[in-house]
**Student:** 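I have a structure I would like to understand better, so I am pasting it below and will then ask my questions one at a time.
Atoms within each ligand, like the ligands themselves, are counted from 1 in listed order. The first residue in the sequence is number 1, and the count goes up from there. For clarity, every value in this text was computed on a predicted model and none was experimentally measured.
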Amino acid sequence: MSGDRLPIGVIGTGYVGLVTAAGFAHLGSDVYCIDIDADKIARLEAGEIPIYEPGLAEMVAANRERLHFSTDIADALEHARLLFVAVGTPPTYSGDADLSAVYAVVEAIPALATRSEQQRHALVMKSTVPAGTGASIKRVLAGEGKQGLSYVSCPEFLKEGSAVKDFLNPDRVVVGDDGDWAGDAVVDLYAPLQATVVRTDIASAEMVKLASNAFLATKISFINEIANVCEETGADVIEVARGMGLDDRIGQKFLQAGIGFGGSCFPKDVNALKQLAGNSGYHFQLLNAVIEVNELQKRRVISKLLKHLGSLVGKNIALLGLAFKPNTDDMREASSLVLSARLQADGAKVRVYDPIAEEEARHLIRGVYFATGALDAIQDADAVVLVTEWEEFITLDWDDVASRMAGTVVLDGRNALDREAVAAAGLTYEGIGRGTLTSLT
Ligand code: UGA
């Protein structure tokens, strides 16, 4: 890649920040990565990647000489005009997004009004923020004599677990700006990816992000409700989703029924959009249902287990997978958190295993046995629940599993297992929205 690319700063080295930094370094920019967490910066400096994300370590290593790590925002200000902001915006108790980290960045930038037009900086917002945040930040900047600072909204759409691939192949790049140099510079930066660019105003760009996540979450809750109806009617939700998805107005993606969505984004952003609407006097009814369906979906596992086992008291239940989805160690809002707590409350003994997320999970899940592998988790289990569809669970030898279990119930929370193979091993398979398949032996 060429060495004449614009240098950039990236504030925040979480999933979004680090992938953005590595991605732009890969495209040829020098990238100045800033984080207030000195320990994290030291680890990155030493070549350690603090998160599990396929392909990220390789991309960072391959572009190491263009990646600079520091805790001092002045390093980014000195070398780069575009400062991508990728700090966390976690939910507050009210469900609104907590913007304190975003405003801390705004505060940390000194007033540089004396600088010439060519030396001025821009904040490029990657963090997911409520629509209207850009306008509020611009008011704050004006109040602090920092009018020289431009503002661009450039929301991120990458998915954890495929973040590097998503960065390099975006469906679209959304750039919301005031029509000044900064918007053009961001569009130029993305040019090598040859993506469709949506150039719009700041508030609309902010809303594209929230609306996209809320729509995808709605799609999941919708198919989960269809799955629940399928269970009552004898239909198979996989067949139903396939038939629906072939209509290209609907599409196949995000129609996988399961035990609910988790992660750092959907639960938070659906709530944030609901609150944003509520704060401006609009009651967004649909999103209430999306959230409620998702919560109930996690708990349906318990009623399914009760149906098979009668009572959960003293029963061994194995949870395969803990992360909110495969290929990540992220435990935020994972269905496993609700499940492990509910199972224990109902008297079950819970054995869990996740190939990558165990360390994260140990901070959040108490009272369970952390198994050394899938087969260790399954040992003497009365029921096995697939919580996260990691590849190694899908390829399990079900005859081996059957020989180790005390009971026969396999609950496929992601509709990811080969149900014929499970039943052929003498086990009872139940998925989500597709009925039960009992022992074929
Ligand atoms: C989501 C969006 O997909 C990204 O576009 C967005 O950039 C990101 O949030 C964000 O705002 O940062 P992510 O949370 O990484 O990405 O993960 P997804 O792959 O979207 O999955 C979210 C949850 O939905 C997972 O728990 C997954 O198991 C569940 N899901 C997904 C289903 O239950 N069914 C589906 O059909 C798809």
**Student:** Could you identify the single nearest non-hydrogen protein atom to atom 17 (O) of ligand 1 and state the distance to 0.1 Å?
**Tutor:**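 Looking only at protein heavy atoms, the one closest to atom 17 (O) of ligand 1 is Lys325 NZ, 3.0 Å.
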**Student:** If you look only at distance, which donor and acceptor atoms sit under 3.5 Å apart when one is on a side chain in residues 13-20 and the other is two or more places apart or in another chain?
**Tutor:**
unit_1 : atom_1 : unit_2 : atom_2 : d
Thr13  : OG1    : Asp35  : OD2    : 2.7
Tyr15  : OH     : Thr328 : OG1    : 3.2
Tyr15  : OH     : Asp329 : OD1    : 2.8
Thr20  : OG1    : Val16  : O      : 2.6

**Student:** So is there a nitrogen or oxygen of Thr128 less than 3.5 Å from a nitrogen or oxygen in ligand 1?
**Tutor:**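 The answer is no, given that Thr128 and ligand 1 share no N or O pair closer than 3.5 Å.
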**Student:** So Leu83 and Leu77, do their side chains get closer than 4.5 Å, heavy atoms only?
**Tutor:**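 They are in contact (side-chain heavy atoms under 4.5 Å apart), so the answer is yes.
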**Student:** Show the nearest heavy-atom pair for residues Ala214 and Val270, with the distance to one decimal.
**Tutor:**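 For Ala214 and Val270, the tightest heavy-atom pair comes out as CA-CG2, 4.1 Å.
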**Student:** How many angstroms lie between atom CD1 of Ile109 and atom CG of Leu149, to the nearest 0.5 angstrom?
**Tutor:**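 Between Ile109 CD1 and Leu149 CG, I get 5.5 Å after rounding to 0.5 Å.
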**Student:** So which heavy atom in the protein is nearest atom 32 (C) of ligand 1, and how far is it from that ligand atom?
**Tutor:**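 Ranked first by proximity to atom 32 (C) of ligand 1 is Ile220 CD1, 3.6 Å.
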**Student:** Nearest heavy-atom pair of Asn415 and Arg434: which atoms, and what distance?
**Tutor:**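 So the two residues come closest at OD1-CD, 3.4 Å.
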**Student:** Does any N/O atom on Ser264 come nearer than 3.5 Å to any N/O atom on ligand 1?
**Tutor:**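 Min N/O separation from ligand 1 is not below 3.5 Å for Ser264.
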**Student:** Who's closest to atom 24 (O) of ligand 1 heavy-atom-wise, of Phe261, Phe157, Phe324, Tyr15?
**Tutor:**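 Nearest option to atom 24 (O) of ligand 1, by heavy atoms: Phe261.
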**Student:** Near Asp269, which atoms of ligand 1 are under 4.0 Å from a heavy atom of that residue?
**Tutor:**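 In order of number, 11 (O).
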**Student:** Specify the protein heavy atom at minimum distance from atom 1 (C) of ligand 1: its residue, its atom name, and the distance to 0.1 Å.
**Tutor:**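 Answer, as residue, atom name and distance: Phe266 CE2, 3.5 Å.
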**Student:** Has Glu239 got more than 12 heavy atoms of other residues, nucleotides or ligands less than 6.0 Å from its CD?
**Tutor:**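 Count over threshold, so yes.
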**Student:** Can you tell me the protein heavy atom closest to atom 15 (O) of ligand 1 and the distance?
**Tutor:**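 For this ligand atom, the closest protein heavy atom is Glu160 N, 2.7 Å.
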**Student:** With Arg172 as the cation and Phe157 as the aromatic partner, state whether NZ or CZ is under 6.0 Å from the six-membered ring centre and within 45° of the axis.
**Tutor:**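 Ring-cation test returns yes.
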**Student:** Return the closest protein heavy atom for atom 10 (C) of ligand 1 as residue, atom name and distance.
**Tutor:**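 The protein heavy atom lying closest is Cys265 SG, 2.7 Å.
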**Student:** Suppose we measure from atom 34 (N) of ligand 1 to each protein heavy atom; which comes out shortest, and what is that distance?
**Tutor:**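 The answer is Gln256 O, 2.9 Å.
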**Student:** Any nitrogen or oxygen of Gly262 lying under 3.5 Å from a nitrogen or oxygen in ligand 1? Just yes or no.
**Tutor:**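 Between Gly262 and ligand 1, an N or O pair is found under 3.5 Å apart.
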**Student:** Below 3.5 Å, N or O to N or O, backbone or side chain included: is there any such pair between Lys209 and ligand 1?
**Tutor:**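 Checking ligand 1 against Lys209, an N or O pair does fall under 3.5 Å apart.
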**Student:** So is Arg414 touching ligand 1 or not, going by heavy atoms under 4.0 Å?
**Tutor:**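 In this structure, Arg414 qualifies as a contact of ligand 1 - some heavy atom is under 4.0 Å.
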**Student:** Taking the side chain as every heavy atom from C-beta outward, state whether Tyr369 and Asn316 have any atom pair closer than 4.5 Å.
**Tutor:**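 They are not in contact (no side-chain heavy atoms under 4.5 Å apart), so the answer is no.
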**Student:** Show me the pairs that pass ring-ring contact (aromatic ring centres under 6.0 Å, His included) and involve residues 215-264, at least two apart or across chains.
**Tutor:**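 Only Phe261-Phe266 qualify under ring-ring contact (aromatic ring centres under 6.0 Å, His included).
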**Student:** Under 4.0 Å from a heavy atom of Asn213: which atoms of ligand 1 are those, numbered in the order shown and with their elements?
**Tutor:**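 Contacts of ligand 1 toward Asn213, numbered from 1: 2 (C), 6 (C), 9 (O), 10 (C), 11 (O).
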